[in-house]
Amino acid sequence: MTDILDRTHESLADPSAVARAWLADFEAALVSGDLDAAVELFAETSFWRDLVAFTWNIKTVEGRDGVADLLAAVADQAQAQAFELAEPATAAGGVIEAWIRFETRVGRGDGHLRLKDGKAWTLLTTLTELKGFEEPLGHRRPMGAEHGVDPNRRTWREKREDEARMLGYETQPYVLIVGGGQGGIALGARLRHLGVPTLIVDAHDRPGDAWRKRYKSLCLHDPVWYDHLPYLDFPKSWPVFAPKDKIGDWLEMYTRVMELNYWSRTRALRARFDESAGEWTVVVDRDGQEVVLQPRHLVMATGMSGKPNRPNFKGMERFKGEQQHSSEHPGPDAYAGKKVVVIGANNSAHDICAALWEAGADVTMVQRSSTHIVKSDSLMELGLGDLYSERALAAGVTTKKADMIFASLPYRIMHEFQIPIYDAIRERDADFYAQLEKAGFMLDFGADGSGLFLKYLRRGSGYYIDVGASQLIIDGKVGLRSGVGVDEITETGVRLTSGEELPADLIVYATGYGSMNGWAADLISQEVADRVGKVWGLGSDTPKDPGPWEGEQRNMWKPTAQPNLWFHGGNLHQSRHYSQYLSLQLKARYEGLETPVYGLQPVHHLS
């Protein structure tokens with residue numbers, strides 16, 4: 001084995017040579033079965049994040065002990081080889097960064113490597129495609145037209161109509177996706193390209209209605225470059241922040257052009273898994289008719305913000321006005337001149353308060369705990385601009401590369417990269433934050449100052465991307481009661497723990513959403529929900545994300561403790577990026593490939 005450390009000092013001017021040498025030594029160690037030598041190529045403090053390529057899981061291991069354990073379990077099965085640079089490596093701040101390609105026994109992969117003093121600090125490996133089952137893209141695209149003559153010719157439309165008529169009745173889907181929002185649609189498109197028979201069921205009237213039916217003022221708070229769906233980017237003229245109805249129309253169009261089998265007005269009623277047969281029996285109500293489906297795999301794509309947390313405050317049953325969870329709020333039009341109390345202080349609460357104020361309502365926000373706020377333009381410039389923006393594209397950072405850069409940062413150390421960004425934002429917007437605090441608003445920047453993204457990954461709540469509502473609070477146009485709880489709901493309003501009563505014609509409970517395994521409890525059983533455990537969060541031991549440390553999102557996009565049950569969702573970025581890895585796991589099983597799972601996540605919390 002060559003001495004990479006010496007070559008590092010000799011070749012600082014050529015980081016590609018150092019990276020190639022590391023890859024060559026890593027491959028040689030794997031091929032020869034010298035796992036101790038492979039482990040020695042990693043720094044004592046190091047992180048290997050694998051997205052399905054080696055582990056058939058989404059898994060991060062830490063340190064040489066973690067690498068040794070992973071390799072001992074998977075090296076023989078993976079048979080990794082053909083490691084090479086995908087482009088020239090770079091060096092900055094004593095760190096060499098390299099984009100890599102490699103192969104395993106069954107697939108091809110891409111990855112990213114960071115070297116410090118010749119040793120691997122971070123390694124990302126991702127499965128890109130399965131050998132022999134590649135997507136029909138580029139030079140493999142279908143012909144479409146069938147030249148020649150055929151008296152039994154059937155057109156594309158006729159074939160699609162036949163498929164739609166038979167699937168779920170004469171033929172069964174291999175994968176049933178419950179939930180037809182962006183998550184279900186993105187995964188459905190991936191599986192369609194991979195030739196896996198898939199059916200999506202959704203209770204709404206049309207694809208996209210999950211967006212259309214939300215409150216009137218809802219817009220994406222993430223920019224367009226962050227939000228593309230697989231295979232088909234938004235047009236170059238698409239607005240930076242798209243309104244909800246425009247997103248809904250795009251999703252509806254996408255289901256058609258991607259040829260997805262999508263049943264609208266279909267509600268999943270109950271499901272049961274037959275372990276001996278390895279298949280599910282799922283009863284659905286399709287537009288008033290019960291249909292029994294028998295998929296092998298069941299994917300819950302009902303949204304990580306899909307199951308409302310409905311509070312149970314004393315006295316709710318006696319309130320004489322209207323009460324709504326934020327997910328049910330229709331918009332502000334009917335409430336001009338009305339008194340409204342919004343309980344909650346995160347994204348939905350702010351959006352709803354702003355829209356109600358614009359419509360002429362007298363609105364008060366009740367903030368029970370602190371909230372992280374970041375101004376949209378500051379987030380765009382300092383938080384996302386290097387990865388998802390026109391500036392990033394001009395620098396050669398495509399959406400795929402941006403996704404991979406973000407994925408290459410292990411969650412254990414991500415806060416180290418985020419804290420300086422939010423320190424800069426805090427300094428840049430110091431006057432704004434001072435005015436908010438003067439108005440009585442309780443601010444935070446996360447448990448460790450790491451800001452928005454870590455709050456989202458850890459708990460999926462507790463923040464607001466400011467697009468104008470904060471100024472209404474600063475100016476006193478939206479009332480604020482902070483640092484208080486709700487004592488009870490009276491006939492005419494909300495009594496706070498301070499003793500004050502806020503009169504109300506409408507109460508909006510912007511109280512967030514529960515764990516996705518709650519959907520499994522409703523559809524399958526509480527026993528299965530408990531077997532799977534809490535969905536989402538990292539185990540960071542911060543508020544609403546209890547330890548121990550998990551290292552990856554709990555139960556998302558990977559095998560769970562319940563065989564053949566999967567969870568998929570998140571924002572548009574996650575729906576796009578992680579649908580690739582979930583679809584490849586399902587495709588491998590569909591084709592009968594061996595998929596030994598390394599590091600199945602233990603269950604520490606039920607919800």
Side-chain angles (χ1 to χ4, degrees), residues 211-223 239-248 305 308 321-380 425 429 431-444 452 455-456 461-482 494 502-513 571:
W211 285 87
R212 294 188 190 97
K213 292 183 178 181
R214 293 295 304 278
Y215 55 87
K216 182 178 179 180
S217 62
L218 177 64
C219 287
L220 281 176
H221 289 187
D222 301 322
V240 174
F241 302 107
K244 67 180 181 71
D245 296 286
K246 194 172 181 69
I247 289 293
S305 295
E322 289 185 70
Q323 301 178 79
Q324 306 158 349
H325 187 268
S326 59
S327 61
E328 303 160 334
H329 180 64
D333 294 348
Y335 304 106
K338 303 288 187 179
K339 291 185 178 296
V340 183
V341 175
V342 177
I343 298 174
N346 296 334
N347 263 335
S348 294
H350 279 82
D351 285 349
I352 289 169
C353 283
L356 285 164
W357 179 85
E358 289 178 342
D362 178 357
V363 58
T364 299
M365 175 189 290
V366 177
Q367 184 191 26
R368 296 176 294 165
S369 58
S370 63
T371 306
H372 171 58
I373 292 186
V374 59
K375 292 174 71 70
S376 178
D377 56 350
S378 297
L379 178 64
M380 284 281 294
I425 288 173
D429 296 324
D431 289 344
F432 166 74
Y433 290 121
Q435 291 176 64
L436 265 177
E437 290 185 316
K438 184 177 179 181
F441 197 89
M442 298 186 299
L443 288 167
D444 71 57
L452 176 72
K455 259 206 161 184
Y456 173 71
S461 66
Y463 51 84
Y464 168 56
I465 301 173
D466 178 43
V467 293
S470 290
Q471 194 61 47
L472 294 176
I473 293 171
I474 290 169
D475 294 340
K477 294 176 179 177
V478 166
L480 175 68
R481 301 295 186 274
S482 62
V494 179
L502 300 175
D505 301 297
L506 167 68
I507 303 171
V508 179
Y509 300 109
T511 46
Y513 299 86
N571 58 30

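Keep in mind that this is a model prediction, so the values were computed, not measured.
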Novice: Parallel, tilted or perpendicular: which fits the ring planes of H221 and Y464, with parallel below 30° and perpendicular above 60°?
Specialist: perpendicular
Novice: Could you tell me whether the side chain of Y433 and the main chain of L443 form a donor-acceptor pair under 3.5 Å?
Specialist: no
Novice: Within this structure, what is the CZ-NZ distance for the pair R212 and K244, rounded to the nearest 0.5 Å?
Specialist: 9.0 Å
Novice: Between H350 and Y463 (judged by ring centroids, cut-off 6.0 Å), do the two rings come close enough to count as a pair?
Specialist: no
Novice: Rounded to the nearest 0.5 Å, what separates atom OG in S461 from atom OH in Y456?
Specialist: 11.0 Å
Novice: For residues Y215 and N347, report the shortest heavy-atom separation together with the two atoms involved.
Specialist: OH-O, 4.4 Å
Novice: Do S470 and Q435 come within less than 4.5 Å of each other through their side chains, counting heavy atoms only?
Specialist: no
Novice: Rounded to the nearest 0.5 Å, what's the gap from CZ on R368 to OG on S482? Could you check?
Specialist: 13.0 Å
Novice: If I compare all heavy atoms of V341 with all of P503, which pair ends up nearest, and what's the gap?
Specialist: CG2-O, 4.0 Å
Novice: Quick one: pull up CD1 in I373 and CZ in F432 and give me the separation to the nearest 0.5 Å.
Specialist: 5.5 Å
Novice: Looking at A439 and L480, what are the two nearest heavy atoms and their distance?
Specialist: O-CD2, 3.6 Å
Novice: Is any side-chain heavy atom of D466 closer than 4.5 Å to one of L379?
Specialist: no
Novice: Should Y513 and S327 count as side-chain neighbours, where that means a heavy-atom distance under 4.5 Å?
Specialist: yes
Novice: Answer yes or no: is there a side-chain heavy-atom contact under 4.5 Å between I352 and V340?
Specialist: no
Novice: Testing K477, K338, K339 one by one against D362 for a salt bridge (Lys or Arg N to Asp or Glu O under 4.0 Å), which residue passes?
Specialist: K339
Novice: Can you tell me how far CD1 of I507 sits from NE2 of H325, rounded to the nearest 0.5 angstrom?
Specialist: 14.0 Å
Novice: Can you name the closest pair of heavy atoms from V508 and S326 and give their distance?
Specialist: CG1-CA, 4.0 Å
Novice: Measure the shortest side-chain to side-chain distance between V366 and L502 over non-hydrogen atoms and say whether it is less than 4.5 angstrom.
Specialist: yes
Novice: How far apart are the closest heavy atoms of P332 and A355, and which atoms are they?
Specialist: CB-O, 3.4 Å
Novice: From I465 CD1 over to C219 SG, what is the distance, rounded to the nearest 0.5 angstrom?
Specialist: 12.0 Å
Novice: Kindly give the heavy-atom pair with the smallest separation between A345 and Q367, and that separation in Å.
Specialist: CB-CG, 3.5 Å
Novice: Apply side-chain contact (heavy atoms from CB on, under 4.5 Å) to the pair D505 and Y335, showing each step before the final yes or no.
Specialist: CA-CA 9 Å; D505 301 297; Y335 304 106; over 6 Å; no
Novice: Is it true that atom NZ of K216 has more than 12 heavy atoms of other residues, nucleotides or ligands lying nearer than 6.0 Å?
Specialist: no
Novice: Give the intermediate values and the outcome of side-chain contact (heavy atoms from CB on, under 4.5 Å) for residues H329 and L356.
Specialist: CA-CA 11 Å; H329 180 64; L356 285 164; 4.3 Å; yes
